[in-house]
Amino acid sequence: MTTEVGSETEVKKDSEQLGPDKAKDNPEEASETPENQKSRETSSEEAQDSSSVPAPTSQSSPSSQKEEKASPESKGISRFLPPWLKKQKSYTLAEPKDETKKRTTGEQQVVEESECQAPDRVAQPQKSLEEAAAENQHNAKADDKEEKHSVSSAETQPAKEDGKEMEVEKVAKEKEEKQTEKEKRETKEVQTAEIKPESIPQKSPKKIKTVQCKVMLLDGTEYSCDLEKRAKGQVLFDKVCEHLNLLEKDYFGLLFYENSDQKNWLDSSKEIKRQIRSLPWIFTFNVKFYPPDPSQLTEDITRYFLCLQLRQDIASGRLPCSFVTHALLGSYTLQAELGDHDPEEHRSDYISEFQFAPNQTQEMEEKVAELHKTHRGLTPAQADSQFLENAKRLSMYGVDLHHAKDSEGVDIMLGVCANGLLIYKDRLRINRFAWPKILKISYKRSNFYIKVRPAELEQFESTIGFKLPNHRAAKRLWKVCVEHHTFFRLVSPEQPPKAKFLTLGSKFRYSGRTQAQTRQASNLIDRPAPYFERTSSKRVSRSLDGAPMGISDQSLLRDFPATGGQAAGDKIIDIEAAGQAKLREGGREEDGSPVKTPQLELTQDGKSNSLRVDGENIYVRHSNLMLEDLDKTQDDLLKHQASISELKRNFMESTPEPRPNEWEKRRITPLSLQTQGRHATRAEGPCTGVSDADKSSHETLDIVEEKKQAEVGIEETLVVDETNKGKMQVATDAGETCKVEHLSKKDSSSLPSDSSSSSSSSESEDEEVGEYQPHHRGIEEVIREEQEEEEDMKRKEHEEKIQHVETTPEGSKLNVPVEHTQVTAEDFVQENAVTIATEEKNLSEEIKQDLGEEKEEEQLKLNGDVSHVDIDVAPQIICCSEPPVVKTEMVTISDATQRTEISTKEVPIVQTETKTITYESPQFDGSAGGNAGVLLSAQTITSESISTTTTTHITKMVKGGVSETRIEKRIVITGDADIDHDEALAQAIKEAKEQHPDMSVTRVVVHKETELAEEDEE
Amino acid sequence: MAGLGGGSAAFGRCTHAVVRALPESLCRQALRRAPGPEVDFARAEREHQLYVGVLRGKLGLQVLELPADESLPDCAFVEDAAVVCEETALVTRPGAPSRRKEVEAMKRVLESLNLNIVEMIDENATLDGGDVLFTGREFFVGLSRRTNQRGAEILADTFKDYAVSTVPVHDALHLKSFCSMAGPNLIAIGSSEAAQKALKTMQQMSDHRYDKLTVPDDAAANCIYLNIPSKGHVLLHRAPEEYPESAKVFEKLKDHMLIPIANTELDKVDGSLTCCSVLINKTSEL
């Protein structure tokens, strides 16, 4: 274990680091599998994203540790560096400011090193090229002063999140340590991941690549600027907002179009170039979240832009309204832009220059003029307000429509809005799912699914599937849903899915401020109302309609020198770099290849992280089951392949079925017992039973992830020495249990760590699956609507996810929440790969590592009984039925303080003060042999300097009709050198004993990774 | 100003009412879902006159009374022939073929009021006004034997400002056979299973949360809410003699001016209170 400064983040990093290290250590594995490479690339990309990453921390080498202490930024690299490189290291220390550069070089070297170690890696030149290109860019960036400047400015404002990553040093300094750490980690990963062909020219540093961006503004004007090529979306967005003098900017966003009609929101936390696939860079500044009550906006200028947006929406027909409303809104527009009606000046046709409606008639114009006269005396701001007061009541106000088909192939529209998801057939609303009603949102390939809370009197939630035109559309819809849910329903953004361990799928999360946060921030706006000129909507009207901005605009294209290939956009072109860039882009273009994806995600995560830090997201809770790219496997997983493949097969088979698509029925009958039985047989994959417990304080982060059997194999590794018999009443008779629950709870303290994770998701298409489970915590008070039913069962505050699976008679008495997610084994595999490759959280990672391969373990391992199991409080129920066992679990997370979980008596619920991860994995035949069922629970407690992970492994065996359950618990304490391991250990044991008096400690392992990386066993 | 109903404050505002006299053919030829006792035409007329009298005399509305048409036995149920919201009137295409001609007179009278008229000319569309519940915020359209999806779509196209949600209606003639608005945010709903199911659907479909007033009798849940400037909340509901238990429920509405109206005869041919009038809020402007 590395002894680092005390934040949890660090711990995570460590764990993450471990991953890469591992990779190094076992070059063969890594190199041989394509998936490995992918993962590596991913990590490398991550590193790129966090260009600002300070030198990586080296855990293994003593010298590096020193460095770490001295400056966190410089951590990590040293370890990877061969002795001959050490100079650089020191150099780095000496000149922190140049770190970026150095690091780059360091990376390169590292890369080389890696090459040496594993020539196989070179096998994928493309990727390596990409990386190299990225590095080059990085260099360029470092050189670019403008960049720095912008960055620095960004830093000053918490709101501006971008650029942090870009500038390592500054960020590092200003940011909290965790971020730094994170960056470090990223760096590390990069190192491991990077494979570089010798050909990579790294010497090109001096050139700064910039790309010209054009942004079409709401008033029809165009804003253009040059951006450093690796700039993140936030940089551009901030520039635009600054240009507009807009402070309440969270409602807005930048759109870009692909294929002319597919609009995509630019993710501000990610690099632009990774999102927009072609040049030129043309964006449209638009309202992203329509405030339900515009009168609550603080500034008139914000309302003004909202008005402009709505005028476009209305004139283009996107926002339908009646004749009367057209006329009324038009009249307010005139009042705002022209002032009082002046008979002299405003003659007959003054109106026809404006466009008020898609089909504007003479009659309408007359009506507008007539109404205009009645507004005499209204100031422009008042007229805008009136405009908004009327516009906001339109039924389609703020509804983002997506074409889809229902399960029967009928064309419908899915509308995402502040309150939830609306389903339209033609113009008719045929269903509606308010956010509180939705337990989970996911997509897989071109399918989009929502899991809906059971209706009254119903026991099971149902999953409703929709078919989107293609995968991208499905993902786009999913993202929009995630963003809207977060923005309108949560008090603070969720953290990106943290645990890689059991998760698959996109890690995308909305990283901006929520409405609640932006309102709060707006209250602090203290400036005189800014003067702004209202441009005539005449101009606007011309550019209306659908996809604004002429991507086809020739002038724009002209602006960009055709520099060949993809690199054309770069004004300054390093030839080599350009070439690389091309390569990279080419690779990218194919799909968002897996590689890319991870990068994006990382970036984002980092971003979100920073956000959180800035903001006060003190609590984050999310339960996600994320499914990610399939197909990417890591070496680690190889062992489990066999079992996985089997699972996969099962999965595939089962997949089609799971979707109860009859959304039309409004409630689909949830999986009934019978169904479940089936599922079990099929090896229903990952199930997410999430129950979030919120803390009232909101400091809890609950994550529950359930996984499939596929994971079981992995988890088995975790098996702990300790056995506690009789403790577990949960019995899985059948040898196969499919679910793993992963509960994690976090405190505010743990937040930082959470943020750090996220490597795998990306925008690329690779992600075929994404899941998102909305938790409504902050707002719950406000919304009680549909939650009552379940709330009883759970804590009042958090309903979140309960899934009930009835598998067995036993199950009936127990509340068994089961989510059936369709994650294919592939996904699972992928996830693992990802997980390993890019690490996120300390705990989770550690766990992962442990699971995946135990080599990396550090820290103290305590094998003993379950330390924090609250049997009473949170009863988890695991029911096992017959041979095909379906396990259902309820995972409830509660604060240590407040426990109202739903747990079943039998299943131990692990509570951690900070983070609890519980997963239950049933064993399936293929894996692990004899045990009937395994329940694992892992809980992690993270504090500032220490993180404790407890994994519980429950095995139930049936012997001759007698079932016996063993609970094996392993507690891993990870922390800095500073912490008192002994004390921590003692405490952990004590707690465990309190809960399980009869448990015994079988083994204590102290693993120190310090300079010497020594390991002790006690 | 007219915009979008002006929120709940303006809900129930009404200046004009269109009614139609009862044809004698109603007694024998009016459509009915189930055979039942014969209509006492004289009594039916008295009740109807009382109804019109309340609108005109007590509430001060301008009542436009169309003459009866003996060839149209159901013509008194004018509600089905038109949906009027603010300044726009949708002239429907009633689901029962025998009633299609009822709309002609309705269209003329609406034109005389200078409303924006939209006609439902699609031959695949059917819509009875009795299936249209306007809450002040949105429309619910019952998909019944009389109203189909296409009719609902046309309604949605006509009133673009509002969400139009569809509600399956079973075991009842119309959506409003068991529910109606009893206040700006208050839905009166019957107790039958069909009514409760429809209510659930409506609740799910709406972004808004309505209060509900549950009455024991479905037929009694059909009432007429008006917001008359000089009188405030006015509610016309079925008389205690008809539905004593339901009347008790209405009597708990303290803020409402309650006007019991007997409707015993038309009830026999599935006529309810709202069926017999089209209420229009004609603002002087516009």
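A, B, ... follow the sequence lines: proteins, then strands. Residue 1 opens every chain. Everything quoted here is computed from the prediction, not taken from an experiment.
- B:His208 NE2: more than 12 foreign heavy atoms inside a 6.0 Å radius.
- For B:Arg150, the CZ atom counts as densely surrounded, since its 6.0 Å shell holds more than 12 non-hydrogen atoms of other residues, nucleotides or ligands.
- Closest approach of B:Ala163 and A:Ser395 over heavy atoms only: N-CB, 3.0 Å.
- Both the backbone and the side chain of B:Gln149 come within contact range of chain A, each with at least one heavy atom under 4.5 Å from a heavy atom of that chain.
- In this structure, CZ in B:Phe140 is found 8.0 Å from CZ in A:Arg429, a value given to the nearest 0.5 Å.
- Only the side chain of A:Leu422 comes within less than 4.5 Å of a heavy atom in chain B; its backbone stays farther off.
- One finds the NZ atom of A:Lys367 at 7.0 Å from the CG atom of B:Asn116 (value rounded to the nearest 0.5 Å).
- For the atom pair CG (A:Leu319) and NZ (B:Lys160), the distance works out to 11.5 Å, reported to the nearest 0.5 Å.
- Of the possible polar contacts, one joining the B:Gln204 side chain to the A:Arg432 backbone as a donor-acceptor pair under 3.5 Å is found.
- Counting heavy atoms of neighbouring residues, nucleotides and ligands inside a 6.0 Å radius, atom CD of A:Gln296 exceeds 12 of them.
- A distance of 6.0 Å separates OG1 of B:Thr166 from CG of A:Leu428, quoted to the nearest 0.5 Å.
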